[in-house]
Novice: 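Got a structure for you, questions after.
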2 protein chains.
Amino acid sequence: MSVTRERIIELGENLILTKGYNAFSYQDISTELGIKNAAVHYYFPTKANLGTSIVKTNILRFEEMIDNMHSRGFDEWKQLDAFIKIYIKSNREQKLCIFGSLGPDFDTLNENTQNELVKMTELIVNWLTEILTSGKEKGFFVFNEDSHNKAAMIFSSLVASLQLSRIVKNFDYKSFCQAIQEGLKS
Amino acid sequence: MSVTRERIIELGENLILTKGYNAFSYQDISTELGIKNAAVHYYFPTKANLGTSIVKTNILRFEEMIDNMHSRGFDEWKQLDAFIKIYIKSNREQKLCIFGSLGPDFDTLNENTQNELVKMTELIVNWLTEILTSGKEKGFFVFNEDSHNKAAMIFSSLVASLQLSRIVKNFDYKSFCQAIQEGLKS
DNA sequence: AAAAATACTTACTAATAAGTAAGTATCCAA
DNA sequence: TTGGATACTTACTTATTAGTAAGTATTTTT
């Protein structure tokens, strides 16, 4: 596949994660890549097209990560830890996550992009629910809440705390993530 | 103060909570109010001006709520419950909260708006930290985490789950909030 | 009654946005 | 070697945006 195409997706994603979907333009991408605005339209006729592709890329990336973890025989703790590490990395790079960034713009998104975002979100929350459930059964995790609610809690915490971290000074994201994990022990 | 001015703030806030800051325009407001675009500029010369006023209004509203709860002698449970009820109401109205909506757009906001948003966020998180601390001291709340992390967790959960609720079908927001509160008992 | 403040409208400007049609250069395959 | 696919550029259009300058009607103050 085309290198330019991939760089557009990468740059578009970064712009969404820093400025938000409705604040970035094709010009932002084209000037950064040293090409013309129309060249971006060559690969992605509409912004909705690009948005959808970016979410689809995120879905693929997540599915690959899960497959990879399964093939490596990761237990529930390791899987959760790997997931949390993605957020720690995002925080280090001063970025949000795709859900936290596109979520508030949901109503302004194209139907296809909305559908992919729904797909991605359900994929993540359902996966989290499952590892919490099986981890609890195995005695790894201790919590009283319903697994789905607990999954939503952990996911929501990670998502919105990326925003908190950018806004509240001296917010210790790593310590926050540790607290989430510690909370699953007792 | 002017009725029109207040309706602009109210409408602007609603637009931020549904479409996001960068997706709404003065035209959205003026057509809804049956006035001209320039009339909105009469009250708020720039969009940054309006944004800042909206956040300031939210700060005032929050401070009034706290004062009100203090004068009514609300204990920590009742205070937390009142806070959570705001989110339940937002969810019922299919809205996000101002932090969850402006957070992702932070870098695109005017400096004054950013400062107010920081102020509001710290106000909320510090207040939550305080009631968690004193509630724990009194034996009302039971949790092992550091109060500040726990406050960030609860706040983040409430914020991002408003987004989750719009995106994931069959998400039971009330049950989710109950789970948060139950989690403070054992 | 005159002056001034209030609450707008009219009629714009300048910038930026997404998007497109038509053209060009390069490379690869038949 | 020629035709077509690929990867763009040039040069636009149309729409929308924030923002403004100048004018008008109404109310309030002096």
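Residue numbers begin at 1 in each chain, while the letters A, B, ... track the order of the sequences.
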Novice: Among residues at least two apart in sequence or on other chains, which ones pass side-chain contact (heavy atoms from CB on, under 4.5 Å) with B:Glu63?
Specialist: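 With sequence neighbours excluded, B:Glu63 shows a side-chain contact (heavy atoms from CB on, under 4.5 Å) to B:Ile59, B:Leu60, B:Leu123, given in chain and number order.
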Novice: Report yes if a side-chain nitrogen or oxygen of A:Thr4 is closer than 4.0 Å to either non-bridging phosphate oxygen (OP1 or OP2) of D:dC8; otherwise report no.
Specialist: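 Checking D:dC8 against A:Thr4, a side-chain N or O does come within under 4.0 Å of OP1 or OP2.
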Novice: Please identify each residue that fulfils ring-ring contact (aromatic ring centres under 6.0 Å, His included) with A:Phe141, with sequence neighbours left out.
Specialist: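 Partners of A:Phe141 by the ring-ring contact (aromatic ring centres under 6.0 Å, His included) criterion, ordered by chain and then number, come out as A:Trp77.
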Novice: Within residues 33-50 of chain B, which residues have any heavy atom lying less than 4.0 Å from an atom of DNA chain C?
Specialist: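 Only B:Ile35, B:Lys36, B:Ala38, B:Ala39, B:Tyr42, B:Tyr43 qualify.
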Novice: Protein-nucleotides 26-28 of chain C N/O pairs closer than 3.5 Å?
Specialist:
none

Novice: Looking at every non-hydrogen atom in both residues, tell me the closest pair between B:Asn22 and B:Lys47 and how far apart they are.
Specialist: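 Taking every non-hydrogen atom into account, CA-NZ, 4.1 Å.
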Novice: Check this for me: does any side-chain nitrogen of one of B:Arg166 and A:Asp107 sit under 4.0 Å from a carboxylate oxygen of the other?
Specialist: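 Here B:Arg166 pairs with A:Asp107 in a salt bridge, since their nearest N and O are under 4.0 Å apart.
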Novice: On a heavy-atom basis, which atom in B:Ile35 and which in B:Ala39 lie closest, and how many Å separate them?
Specialist: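 Distance-wise, the nearest heavy atoms are CD1-CB, 3.8 Å.
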Novice: If two hydrophobic side chains count as joined below 4.5 Å and joins carry through other members, does A:Leu33 share a cluster with A:Val40?
Specialist: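 Yes, because A:Leu33 and A:Val40 connect within a single hydrophobic cluster, where side-chain heavy atoms sit under 4.5 Å apart.
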Novice: Near DNA chain D, counting only heavy atoms under 4.0 Å, which residues of residues 14-29 of chain B show up?
Specialist: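 Listed by number, they are B:Phe24, B:Ser25, B:Tyr26.
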Novice: Among the clusters formed by ILVMFWY side chains lying less than 4.5 Å apart, do B:Leu17 and B:Ile86 turn up in the same one?
Specialist: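 Linked, B:Leu17 and B:Ile86 end up in one cluster.
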Novice: When the ring centroid of B:Tyr87 is compared with that of B:Tyr173, is the distance short of 6.0 Å?
Specialist: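 Centroid separation for B:Tyr87 and B:Tyr173: 6.0 Å or greater.
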Novice: Looking at residues at least two apart in the chain, or sitting in another chain, which of them share a side-chain contact (heavy atoms from CB on, under 4.5 Å) with A:Asn49?
Specialist: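 For A:Asn49 the side-chain contact (heavy atoms from CB on, under 4.5 Å) partners, ignoring immediate neighbours, are A:Phe44, A:Pro45, A:Thr46.
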Novice: Taking the basic N atoms (NZ, or NE/NH1/NH2) and the acidic carboxylate oxygens, is any pair closer than 4.0 Å for B:Asp146 and B:Lys150?
Specialist: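 Between B:Lys150 and B:Asp146 there is no salt bridge, as every charged N stays at least 4.0 Å from the carboxylate O atoms.
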